[in-house]
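Below is one structure, written out as structure tokens, with a few remarks after it.
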Protein chains: 2
Amino acid sequence: MSSNNPTIKEIALRLNVSVSTVSRALHDHPRIGLKTRERVKELAREMKYVPNAQAIFFKKQKTAVIGVVLPSIKEEFFSQAISGIEAAATQYNYTILFGQSHDDPAIEKRVVDTMKRQRVDGIIISLSKNTHKISFLKEIEMAGIPVVFFDRVPDQADVHKVYCDIYKSTIDMVNWLYSRGFRKIAMINGPSILTASRERLEGYKQALSQKKMKIDMRYFESTDLTKEGTTHAMKKLLSLKNVPTAVISFNDYVHMDATQYAHLQGININKDIAFVSYSNLSITDYTAYPPLLSVEQYPYGQGEQSMETMIRAMKEQHPTHQYYHEEVPATLVIHGTKHVR
Amino acid sequence: MSSNNPTIKEIALRLNVSVSTVSRALHDHPRIGLKTRERVKELAREMKYVPNAQAIFFKKQKTAVIGVVLPSIKEEFFSQAISGIEAAATQYNYTILFGQSHDDPAIEKRVVDTMKRQRVDGIIISLSKNTHKISFLKEIEMAGIPVVFFDRVPDQADVHKVYCDIYKSTIDMVNWLYSRGFRKIAMINGPSILTASRERLEGYKQALSQKKMKIDMRYFESTDLTKEGTTHAMKKLLSLKNVPTAVISFNDYVHMDATQYAHLQGININKDIAFVSYSNLSITDYTAYPPLLSVEQYPYGQGEQSMETMIRAMKEQHPTHQYYHEEVPATLVIHGTKHVR
DNA sequence: GACTTGTGCGCAATCGTTTGCACACCGAAT
DNA sequence: ATTCGGTGTGCAAACGATTGCGCACAAGTC
């Protein structure tokens with residue numbers, strides 16, 4: 001009936017011992033006699049005593065809570081990532097305080113502030129696509145809360161970060177297309193402020209020049225990741241007099257919008273034009289026009305790795321001069337043609 | 001440089017006033033003189049003072065944290081839901097402590113225990129599909145932590161719950177099919193322990209009997225929601241000598257597996273057999289065989305509503321005898337045939 | 001018998017903040 | 001001159017748990 005959780009004080013009172021004895025008994029302190037220990041544990045069980053983590057962590061100045069800030073959990077990539085983070089966190093007995101930035105830097109800052117107030121032990125963050133200054137996060141770090149960036153990471157070296165090498169996998173991707181005879185390779189890239197976009201672009205250019213192909217910027221389009229932006233980009237590509245024979249999309253969502261539009265324009269997907277992409281969403285197995293190939297970025301693995309890195313970062317003494325850069329390998333996943341028509 | 005966050009004590013020391021004065025000044029207590037108030041606030045800003053929420057909530061016996069337990073965030077339904085919960089929580093200045101059960105009752109219990117330790121102010125939970133006993137949650141409630149169930153809710157009345165009326169929408173769905181001339185209507189339902197499954201079954205039966213149609217249990221199959229389970233169910237339906245002309249799937253994931261298999265068996269989706277489903281996933285717009293119709297269950301809205309209900313539940317004095325049952329309306333969304341082939 | 005060693009337990013401080021109460025001072029009203 | 005009300009501030013307890021230190025008692029050693 002009592003709404004209040006029992007405390008060690010109440011146990012102590014009932015057993016006529018001191019609170020310190022109860023505390024030590026519950027922790028199996030060797031200096032506490034066996035019978036006392038048993039009596040305490042017995043009563044604790046009976047009273048359904050659950051230690052107050054708030055009090056413990058307050059005392060210890062630790063919370064065993066990690067803040068996780070993502071642009072949007074609606075994206076499969078991030079929901080997979082947080083799943084990995086949570087799995088690893090559970091292993092290390094940490095819990096997850098969760099916040100979304102919705103790609104809005106102001107909200108992102110507010111979420112981070114709340115987490116600081118909550119005195120999380122660390123923050124794992126994938127930056128909003130509109131965030132340019134990360135000074136507020138450096139401040140957090142200066143205040144003794146380690147920050148680990150993942151996937152959408154800043155360029156600078158003085159941060160902990162976990163990401164996969166899009167540059168390298170983009171080169172692999174272009175080579176794959178080249179080896180299959182494609183020469184007119186277009187790209188629908190994401191917003192240029194994203195590191196992810198820059199890496200795609202640089203990998204694209206690098207691969208082409210390795211093959212001694214000249215880079216035609218008319219084959220290079222961008223989208224703001226909305227359906228409209230992607231449709232517009234695809235429209236421009238289709239209007240070229242030299243229509244590309246292959247299109248690399250920024251990710252599978254862009255790919256879906258691009259192919260949907262292209263299909264409406266009478267293009268026979270992966271016949272007239274080959275489509276390849278990034279993300280390797282599980283859902284593409286069910287889509288009308290799966291990409292021939294998609295770069296798997298292992299969001300779950302990146303999430304796990306972020307948590308591992310966080311654990312190590314938390315062990316460093318403050319201030320750190322040791323920054324971890326973890327590169328998770330990306331791999332090309334070639335889809336069967338079973339559902340391609 | 002200092003890794004430690006400043007406290008009101010340090011501010012008090014520097015200003016030669018007491019901690020109580022600092023505390024009150026920061027809260028604009030009217031009995032503190034204007035100049036003192038200004039001096040305190042000025043210094044607080046200068047020292048980048050951030051109140052220690054741990055200490056405050058420890059003192060106040062409130063954490064402003066709501067625990068959210070979901071089966072798996074990888075499902076779009078739940079990632080949408082948590083998005084809604086988070087949005088509403090932010091409005092009320094609550095933050096979200098997050099955990100997944102992975103449909104495992106043991107993990108579910110462990111997650112809830114951790115949350116109790118953390119002294120969350122409330123728990124919003126969508127039950128694991130294998131959870132039969134919710135006594136551990138009633139205990140949590142007895143201990144003064146309100147529990148709000150959503151979507152996957154228990155049958156009993158003595159709980160707070162938010163859900164949508166699947167029974168009613170199933171009747172609408174069957175009527176929709178009936179009005180278009182379909183008479184051999186099959187169903188691939190989910191695990192029978194889920195309320196969601198029972199409601200679908202009952203709606204199905206009710207609708208058929210309203211139309212004076214006899215209920216043929218050969219048209220009724222179940223899946224454990226795995227691809228294999230669904231394929232098996234579909235296989236049985238296709239092997240009937242009286243093959244159904246319409247199939248109602250438990251949700252869009254089941255629908256995708258069912259139609260994928262049916263297609264491989266040479267069925268012309270939505271021509272030979274009409275397919276309808278639940279969830280109305282945004283992704284179905286891009287899938288090879290979208291359902292003709294899908295029941296929108298508004299996960300985001302259910303999430304928001306769950307948080308609203310939580311706010312109300314937390315206001316009730318303990319123990320409650322006032323339980324909230326919130327029914328979010330479900331609606332039929334009829335897909336165009338644009339991508340159906 | 002004095003000394004050491006080990007065993008079993010309690011006292012009290014501590015973490016950062018809030019808050020009821022008391023107190024001191026001041027001007028004004030009686 | 002006393003009382004009163006208002007204003008500005010400090011004291012100290014409280015929230016729940018942990019932990020260094022100290023004390024009391026018993027058993028063993030010389």
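Proteins come first, then strands; the chains are lettered A, B, ... in the order of their sequence lines, and each starts at number 1.
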Inset, instruction - Give B/Ile56 one of three labels, base, sugar-phosphate or nothing, depending on what nucleic acid heavy atoms sit under 4.0 Å from its own. - result: sugar-phosphate
Legend entry - Candidates D/dG16, D/dG10, C/dT7 - which lies nearest the side chain of A/Asn52: D/dG16
Inset, instruction - Mind checking A/Val17 for me? I need base, sugar-phosphate or nothing, with any heavy atom below 4.0 Å counting as a touch. - result: sugar-phosphate
Inset, instruction - Kindly say whether, by distance alone, the side chain of B/Ser20 makes a donor-acceptor pair under 3.5 Å with the base of D/dC11? - result: yes
Inset, instruction - Ignoring hydrogens and angles, answer whether the base of C/dG10 and the side-chain atoms of A/Arg24 contain a donor-acceptor pair closer than 3.5 Å. - result: yes
Inset, instruction - Mark this stacking check for A/Phe58 against C/dC15 as yes or no, applying ring centres under 5.5 Å and ring planes under 30°. - result: yes
Legend entry - Aromatic plane relationship, A/Tyr323 with A/His160 - under 30° parallel, 30 to 60° tilted, over 60° perpendicular: tilted
Inset, instruction - Establish, with yes or no, whether the OP1 or OP2 oxygen of D/dC15 is under 4.0 angstrom from a side-chain nitrogen or oxygen of A/Lys9. - result: yes
Legend entry - Position toward the 5' end of DNA chain C (nearest nucleotide), A/His29 or A/Val19: A/His29
Inset, instruction - Check whether any side-chain nitrogen or oxygen of B/Ser23 sits under 4.0 Å from OP1 or OP2 of C/dT18, and answer yes or no. - result: yes
Legend entry - Heavy-atom side-chain contact between A/Ile82 and A/Ile73 under 4.5 Å: yes
Legend entry - Selection from C/dG8, D/dC15, D/dG16 that lies nearest to any side-chain heavy atom of A/Lys59: D/dG16
Inset, instruction - Could you check whether B/Thr7 gets within reach of a base, just the sugar-phosphate, or nothing at all, counting any heavy atom under 4.0 Å? - result: sugar-phosphate
Inset, instruction - Using the closest heavy atom to pick a nucleotide of DNA chain D for each, name whichever of B/Asn16 or B/Gln61 lands nearer the 5' end. - result: B/Asn16
Inset, instruction - Name the nucleic acid region contacted by B/Tyr49, choosing base, sugar-phosphate or nothing; use a 4.0 angstrom heavy-atom cut-off, strictly under. - result: sugar-phosphate
Inset, instruction - Please report the closest heavy-atom contact between B/Phe57 and A/Gln54, naming both atoms and the distance. - result: CB-OE1, 4.1 Å
